[in-house]
Amino acid sequence: MIGTIPLSEVLIVSGALFCIGLCGALLRRNAIQIFLSIELMMNSANLAILGYGASLGTREGQIVVFFVIAIAAAEAAVGLAIFVSLFRHTETIDVNRVNLLKW
Amino acid sequence: MTGTFVQLSHADWLSILPEVALASAGCLILLLEAFAPSLRRWFATLALAGVAASLYLLMAAPAGTTFDGRFETSPLTWLMGLFLGGSAAVAILVAKPYLERIRDEKGEFYALLLWGHLGVSLMIRGLDLLIIFIGLEILSLSFYVLAAYFRGIEASSEAGLKYFLTGAFASAFTLYGIVLLFGASGGTRIAGLAQEGLAGRPAVILGVLLLLVGFGFKMSLAPFHAWAPDVYQGMPTPAVLYLSIAPKGASVLVLFRVLAAVFQPGLPDRLHAAVAALAVLSMTLGNVVALAQRDAKRLLAYSGIAHMGYVTIALAVFGREALAAAIVYFFAYLVSNAGAFAAVSALYRDESKPHPVAMLAGEGRRARFAAAVFALCLFSLAGIPATAGFIGKFFIFKAALERGLYALAIIGVLNSLVSIGYYLKVVYILYMRDPIEPEGPPPLAFADGLALSICAAGIFAFGIFPAALWRLARSAAATLPLPGP
Amino acid sequence: MGIERLLAEHLLSVLVFLPTAGAILLLLLPRSATGVARVAALAVATLECVLSLPLWWHFDVALRGFQFRESAAWIPPLGISYLIGIDGISLLLILLTTILTPVSLLFSLSHVEKEVRGFSIAFLILETGVIGTLVALDLALFYVFWEVMLVPMYFIIGIWGGARRIYAAMKFFLFTMAGSLLMFLAILYVAIRHHAATGVWSFALEDLYRLTFTGTTAVVLFAAFALAFAIKVPVFPLHTWLPDAHTEAPTAGSIILAGILLKLGVYGYLRFALPLFPGTALRYAPWLGVLGVIGVIYGALLAFAQHDMKRLVAYSSVSHLGLVVIGVGAFTTISLQGSILQMVNHGLSTGALFLLVGVLYERRHTREISAYGGVAGIVPVTAALFLIATLSSIGLPGLNGFVGEFLVLLGTWTSPHRWWAVAAATGVILSAIYMLTLVQRVFWNPVTHEENRNLPEIRWSELVAVSVLVVLMVWIGVRPNDVLDRLRVSVDALQESVTAKQLVEAQNGAGLPGGAR
Amino acid sequence: MIALWVIPVIPLAGFVLNGLLGTRLGKSFVSAVGVGSAGLATLAAYSRLIPYLSSGGAVVIEPYGSWIVAGSLSVDLSFRLDPLSALMLSFVTFVAFLIHVYSVGYMHHDETDAGYARYFAYLNLFLFAMLTLVLAESFLLMFVGWEGVGLCSYLLVGYYYDREYAAAAGKKAFVVNRIGDFGFLLGMFGLFTTFGSLSYGEVFGKAAANPAAYQPALTLICLCLFVGAVGKSAQVPLYVWLPDAMAGPTPVSALIHAATMVTAGVYMVTRCNVLFRLAPEAMAVVAGIGAFTAIFAGTIAVAQNDIKKVLAYSTVSQLGYMFLACGVGAYVAGMFHVMTHAFFKACLFLGSGSVIHAMGGEQDMRKMGGLRSKLPVTFWTFLLAALAISGIPPLAGFFSKDAILAGAFEAGGLHLLWAVGLFTAGLTAFYMFRLVSLTFYGSFRGTPEQEHHLHESPPSMTLPLIVLAVLSVIGGWVGLPAVLGENANVFARFLAPVLPSLKGVEEHAALPHATEWLLMGVSVIVAAFGLLLAWRWYVKGEGRVPARIAASSPGVYALIADKFRIDELYDSLFVKPFYWLARTLWKVVDVLLIDGILNAGAFLVELTGDLLRFLQTGNVRNYALTFLLGLVALLLVVAGWI
Amino acid sequence: MDRLVFEVAAAIAIVFAALMVLSRNPVRSVLSLVVSFFALAGCYVLLFSPFIAVIQVIVYAGAILVLFLFVLMLLNVGPERPEKTGRPIQTLLSGIAIVLFAGFLLSTLRHSGSAVPRALAAEPNVLGKPDALARELFGGYLLHFEAVSVLLLAALVGAFVLARRDRGSRA
């Protein structure tokens, strides 16, 4: 228990968010939406770790989340730059249509 | 202790210096790029110096753990550092003529390479899942960019996109695995995983599995391999060279670290079965699909997938000898695979086009040295004796047989047989077909020649005199609390 | 170290590495120096041959065990050492190698035009591989050399071969690898067992001989070894790589391939599979013998059906090696000596046959039998030499082939498997049929192709090359004891050790059915 | 005293000299070396033989060292001089020498230097091999000579290698001989396992010392050895090579295929008489095969038109006679016939060579006729030899044939063997005089051009003819039958040491003199009948009767003229199926089955790769999916669901 | 009380996350995610991590997602059009895999809550104090901090490399 919130509840929410993100990552075709879904998955991890951290009474969880957010930011910058770069060639970021490299 | 600011001890400093050297070298190159672009032809040398300095500093650093037990300096990190440094050095050597050929020798390439190298370095030295994760992300980000480095070429951008999306996807799983282990052990330290009663918990097992797939992704282990062929194909060859070697070694080491901490006496049967299944799948899929490849880089990608299957046998064996075998294997893989990619880089004239193997027809007689080393590397990858590749397989199979994993060993050698099919295909195209390209490959650049020579020398050195390497690997492997003699 | 001491104390090492040194030397030559490369390679091979002769003189025929031993640590943590030495069996095959290599190079002097330097290098490395395989007394060392042989041979077939050379080279490599990879595991396993039993790592043959294996383990290990060697020999039905490889290889490659490489299969069986797993080996020897019998007859029949000269000779090798296998399977003193002698004989006769087919091929650029006919009158010397080689091959008394054949058949007859000898003796008839048909259709009969009328006669270099072989054929035919003397003790020792160990196995492996033959 | 090894080595040296240098140094050199070495060998042989005659049949063994030592096998290089080898040595060297001389004339004009040198080299090599065969002291060494003569036969039959039939005939001779050698080999194996040695002395010594101990192996061994003899001596069913072997030059036919090599089988059986006598079943087979061959080949000879073919079948038939003798235990008679046959058959062949030579290569008797006056020397020598082979007393053939018939009569079995022998004797006389009639009598039936060129042969050819004719006449007098004097049979006495008495083997009692006289009379009458019938039909009746007979039963006649179509039978029974089998095995087992399976395996792996390749769709969503699927599969494995 | 608030926030987060996934229009997706992240920030507060919650709002919901919006505008990507071929196998397999994985994950998580070791029972309010956090960051986690700085630098340079116009344009 974290205060009055049961840890398992936090974890379930986190898991649910992860799975929702997973659905998006697998079912969306727009690269940006896929990336958004992945961001959601990382956030779900953040939620879980904060839950754990709070439950354990340690600040380490927060620190992990701090770094994860930093990483996510960096990833977003690079990822979006890649999308832009690709878009210049293909005029699309629909991943179904990005399959020059295959087989 | 946690309450005070910046309490870096002398030892902390010494231990982080190798990474500092890498970071500084990258920054320096970047600065020079901005302010003294005329010095570009020295960038490669500078980068090499950075790698060399980092290696020296790594060797000079006193053994032990620093940063509150989150960072390791040991024979293991030194040996693996050597492995990484070797990959980086060859990659830089190959990069210089490569970039010159495309008239795009810019500092960013080297800087990103060095930083990526720094990330891998953190992965092998980190005793803390968070630092490992950060290292992994540094590596990934740098190489996402390097994959898409050729902005003018669609394939490169596509490789970037694919690597980025799949990489980020896999990172999410890795992160969740770390979270689960954090939850179980109360921290991010790997050592914390070695608590009584942890190994049996579902969350821990799930966490370990998520790490397995996350790092398996980096290793391009089937079925987490799908990105590799496409990315290798579109990515600049020197970057592929590094990406196809160093992160794989680091990932295996991380997996060994985690598994060693969690499962002290040995892998649980089920997990063992899962790892063995991965090994078999990766070997088989990699080899069989490689048979059907037409593009040199894709072929090497599948070859790499298969090789990771062999390494995974060591993971399934799980013991000190197995880790040592894996380390030897990686050194063998380093010289063979780096040589192969260096040869690919030297043998193709137009970087912007695909690299069909058929185009190499008859190059054995035109680009003699590159072709000869390429063939040597392929023989080594195939595991023909007197080459490093054979020694790698030798120790892996020895470990497997000692542990009684006969089926794995037999599947392994049968796979080797399949692999000979496609390695030799390249060899005969090189030597036994008549040229189809009117023009031969570009003249061999000095740096390419040097890289190839180093790899060839390494192949023979490890292949013929493996004793020293094996001793080092064994003493390095003793660093981890693995079962075994 | 002085040259004399080097030769006195490290003669085998010199023999193993001299060709490689030569190859490295050639590598330093400029690519365009083809003439120099040719001569230099021949010189190295000849020097090697000369240096190998002291082995013949100084070999102590009465000594048991291995002679000219050398040992040095190689991979100490695993007990792998550079341990070499020879007994009578390896002695003969080494000499065969050192003789056939310069002979092939001599032949190639005037016939290899493409990439002379590469060709010479490949050949010299091949020689190192072969001799290394023959002298190695450490299983790991043996395996290394065993596989190293493949690579130069692959290139020799693939680069300098005929029209279907790539297919043949791949087939050769894959077949051989298929066998040896499993053997590799078996070697590892045996060494691991040694470690488990004694706590000491060793791959040394004589250490591993002391192990006993029983039951399924022994069968599986033996099968792994036997498969590797059976493919190399080749034993029916694993032989199909051979006709392709022999046919497509350049003449010199065919000579070495048939003359030496095939024998390594039998050699390996005698040196490794048999003494390591005697009980199993003897239990399954009947299978081996039956396959040998099939090989003799089947190879002969297929040889008869060929219309390509080299293919015909290649299938004749299947037949001849079948006989060798029978001798090994019968495992009597006489048959073993006969088999080993027959290996040498086959090397000489088939070497000569391939060489002479090469002589014709280089002039007419076809191997089709029907493209010839009646050329005995045009190239009488070639015809005469071909006839001698043929007679040696079909076992005419007075030439070498007969002695080996007779000993194998007689020895087999004295074993419990008498009918093998009966069946294999039909090879006497069959070989006459296909070889004489070949002679008739190529050298006899009327001349049907006008272009054959200007066929140039054999050159001096070729003549010298063949003559060396012919002299040896006659010598062995007339004085086989010179060779047999050197085999006697080795074969006795082999048989005794096998029998003795078989007893131990039978005691250890209680309840093992048929541990003894 | 000259060592025995010198005798064969002299022609061997001749072979080497002529083989290596003959082509360059010209015909006179070749003749000198070839004839010289044969002559020297003869001299050397006689220098040993003449002193030997007075030695009373002692066995001389000259060891020259060890040849093959392996395990318990130890074969020495040693030669043996005993009455049997002495006998063979005496006429082999002499006849060979004569034929060398003859060849100088026969081969001189129509051959190139190279061909001439080759011819004499082969001939010398043959002599070497034959002498080795004769002198050998062990079965293995005998086998060296045995195969050596086979090789020379092959080379000389195929001497005109650019003629397809000659090339094929040479090969056929070798291959069929190899079938026999197969039996010989097995016989030797049996000997080795039974007696532990291959030396005559040891084998025969052990067998004689303990006759009962080696049954039933001995019968099998003898049969195997006999298979060898059947091949070498052209007996049914392996006789087919000999008629074809006539493709070689005629002197070769005389030397190898009449006088010496083909009798090696008889020599071998006689040499092994100790063994054969201990194996009565084997003896019976020998006798049966011999008798059948005699009558069978004789029948064929009746209907042949090629002069050499007649002689060839005659040889087969006579060889059958000799085996008949061995089979009934009359070894002396057999060897006696070997010797006399060597004389008259060599004479006949050389005579036919002279005829062919004169006819410019023509061998068809239907194109000859009336040559009596044109070739007088040839005619008279030929006639004498023909009378001798027909068994007209007191010529050589009469005595040897009579001895065989007497032996056959003694053997019992309703005297069937004797009857067959007798009938064959009549046949022999008939076909020989058919030949003489067609060739030398009547009018010339060839082309005018041939007629113009008819001439007697040079002295180098006629001289040997004369010598052989003389021998054909007097050669039999060394073996007069017992009825003509108790010790008249010098021949039998000389050979007696070779035929030791054996425990448990009963010797035939000598025939009563009356019976013997009767047998002689009958055989002379039968021979005379055959002779006169031929004379009547072919000289007087100019062949009308036989033509009528042939016309009345064309099927039978054609069958005989076609040699019972045995070659065709063998062709469809063995040769064609062999070829079919070979091709089928190659195409079906090797190519289709073994390679097919392997290639299919390789193809399947590649196909799998090619199909799996398409899993790599290029769509990154699929990559994520495979990732997740892999993870789920791992989870299932770990959870124990898979 | 806390629990109720948490549950409400979590529900919002989940609902908007689902909306994000379900929406064909990427702009709507981004906006949904912004809401979801805001809700998550609320959860963080309840888990004694106010500082993180702030960062979440500023960096994540603010900077990062705005960046996404910018890029979307820049590229002018419209809503996904339905594809002609629906790729049913892929969808089906994805569905199965997700369901299975979700099953494993959720069942594991449900039971792991109780298994967390009870370490020091620190004062909840102290747990989230920024200064304490900072001390820790620059103490034991200095290495991480520096590493992340390299990461950001690399990302910066990387983005620059990728976003740069063509080779020639810079000269």
Side-chain angles (χ1 to χ4, degrees), chain C residues 171 174-175 237-240 243 298 301-306 315 332-334 336-338 341 374 376-377 380 384 387 391 394 396-398 402-403 406-407 409-411 413-414 418 421-422 425-426 428-429 432-433 436-437 439-440 443-447 478-481 484-485 487-488 491, chain D residues 19 23 65-73 77 114-115 118 129 132 140-141 143-148 150-151 154-155 158 161-164 166-168 170-171 174-175 177-179 181-182 185-186 188-190 192-193 578-579 581-587 589-591 593-595 598 602:
Chain C
K171 202 171 174 184
L174 286 176
F175 255 83
L238 306 168
H239 64 279
T240 57
Y298 183 85
L301 279 169
L302 264 70
F304 181 69
Q306 302 307 314
Y315 274 110
T332 63
T333 314
I334 301 178
L336 282 174
Q337 292 202 29
L341 179 63
L387 189 66
L391 295 173
I394 66 179
L396 189 88
F402 171 69
V403 187
F406 181 76
L407 289 179
L409 292 175
L410 179 64
W413 177 276
T414 60
R418 183 163 291 186
V422 178
T426 58
V428 168
I429 306 167
I433 295 177
L436 295 186
T437 306
V439 170
Q440 184 195 345
F443 290 100
W444 293 7
N445 287 353
V447 180
V478 177
R479 293 180 56 91
N481 274 343
L484 293 172
D485 283 344
L487 281 178
R488 196 156 297 128
V491 168
Chain D
T23 311
S66 163
W67 182 32
I68 302 177
V69 180
S72 52
L73 173 76
L77 281 176
R118 189 157 57 88
T132 309
L140 200 59
L141 197 54
F143 193 69
V144 174
W146 185 270
E147 288 248 318
L151 166 70
Y154 159 74
L155 293 172
Y161 58 80
D162 51 354
R163 300 175 194 169
E164 193 158 358
K171 183 182 77 185
F174 200 99
V175 169
N177 265 300
R178 272 272 161 137
I179 298 175
D181 295 350
F182 167 73
L185 271 177
L186 295 188
M188 279 199 284
F189 299 157
F192 180 73
T193 39
F578 180 80
Y579 189 73
L581 182 67
R583 274 197 73 78
T584 312
L585 282 181
W586 177 31
K587 291 292 180 198
V589 177
D590 236 45
V591 176
L593 223 62
I594 301 177
D595 265 1
L598 292 169

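The analysis underlying the following values was restricted to heavy atoms, covering all of them including side chains, and did not include hydrogens, waters or symmetry mates. Labels below follow one simple rule: chain letters A, B, ... track the order of the sequence lines, proteins then strands, and each chain is numbered from 1.
- Residue contact with chain D, scored on non-hydrogen atoms closer than 4.5 Å, involves the side chain of L407(C) exclusively.
- When each of Q306(C), K171(C), R418(C), H239(C) is checked for heavy-atom pairs under 4.5 Å with chain D, Q306(C) comes out on top.
- Using a 4.5 Å heavy-atom threshold, the side chains of V422(C) and F189(D) count as separate.
- The choice from L387(C), L174(C), I433(C) that makes the most heavy-atom pairs within less than 4.5 Å of chain D is I433(C).
- Contact detail for S66(D) and V69(D): the closest heavy-atom pair is OG-CG2, 3.0 Å.
- In terms of heavy-atom pairs under 4.5 Å with chain C, the best-connected choice from E164(D), R118(D), R163(D), M188(D) is E164(D).
- The candidate with the highest count of non-hydrogen atom pairs below 4.5 Å against chain D, out of L409(C), L484(C), T333(C), is L409(C).
- With a threshold of 4.5 angstrom between heavy atoms, T426(C) approaches chain D through its backbone and through its side chain.
- Note on V447(C), V428(C), V478(C), N481(C): by heavy-atom pairs under 4.5 Å with chain D, the leading option is N481(C).
- Interface residue F443(C): only backbone heavy atoms are found under 4.5 Å from chain D.
- Minimum interatomic distance between P380(C) and G377(C) (heavy atoms only, all atoms of both residues): CD-O, 3.9 Å.
- Among L598(D), L140(D), D181(D), the residue with the largest count of heavy-atom pairs under 4.5 Å with chain C is L140(D).
- Contacts of A168(D) with chain C are made by both backbone and side-chain atoms, with heavy-atom separations under 4.5 Å.
- Annotation for I334(C) and G71(D): closest pair CG1-CA, 4.1 Å, computed over non-hydrogen atoms.
- Residue contact with chain C, scored on non-hydrogen atoms closer than 4.5 Å, involves the side chain of L185(D) exclusively.
- Minimum heavy-atom separation, R178(D) to I394(C): NH1-O, 2.8 Å.
- For the side-chain contact (heavy atoms from CB on, under 4.5 Å) test, residues two or more places apart in sequence or in another chain that qualify with V144(D) are P397(C), W67(D), L141(D).
- Heavy atoms of V491(C) lying under 4.5 Å from chain D are absent altogether.
- When L151(D), V591(D), L77(D) are compared by the number of non-hydrogen pairs under 4.5 Å with chain C, L151(D) comes out ahead.
- Checking Y154(D) against N177(D) by side-chain atom types alone, no donor-acceptor pair falls below 3.5 Å.
- Between L396(C) and F402(C), the closest side-chain pair of non-hydrogen atoms is not below 4.5 Å.
- At least one donor-acceptor pair under 3.5 Å links the side chain of T332(C) to the backbone N or O of G411(C).
- By the side-chain contact (heavy atoms from CB on, under 4.5 Å) test, Y579(D) is found to be paired with F304(C), R583(D), residues two or more places apart in sequence or in another chain being considered.
- Ranked by heavy-atom pairs under 4.5 Å with chain D, the first of F175(C), W444(C), Y315(C) is W444(C).
- Taking chain C as the reference chain and counting heavy-atom pairs below 4.5 Å, the highest number among T584(D), L186(D), T132(D), T23(D) is found for L186(D).
- When each of L155(D), L581(D), V589(D), L585(D) is scored by its heavy-atom pairs under 4.5 Å with chain C, the top score falls to L585(D).
- The contact between S72(D) and chain C is made by backbone and side chain atoms together, counting heavy-atom distances below 4.5 Å.
- Note: F182(D) leads F174(D), F182(D), F143(D) in heavy-atom pairs under 4.5 Å with chain C.
- Once rounded to the nearest 0.5 Å, the distance linking CG of L73(D) with CZ of F192(D) reads 4.5 Å.
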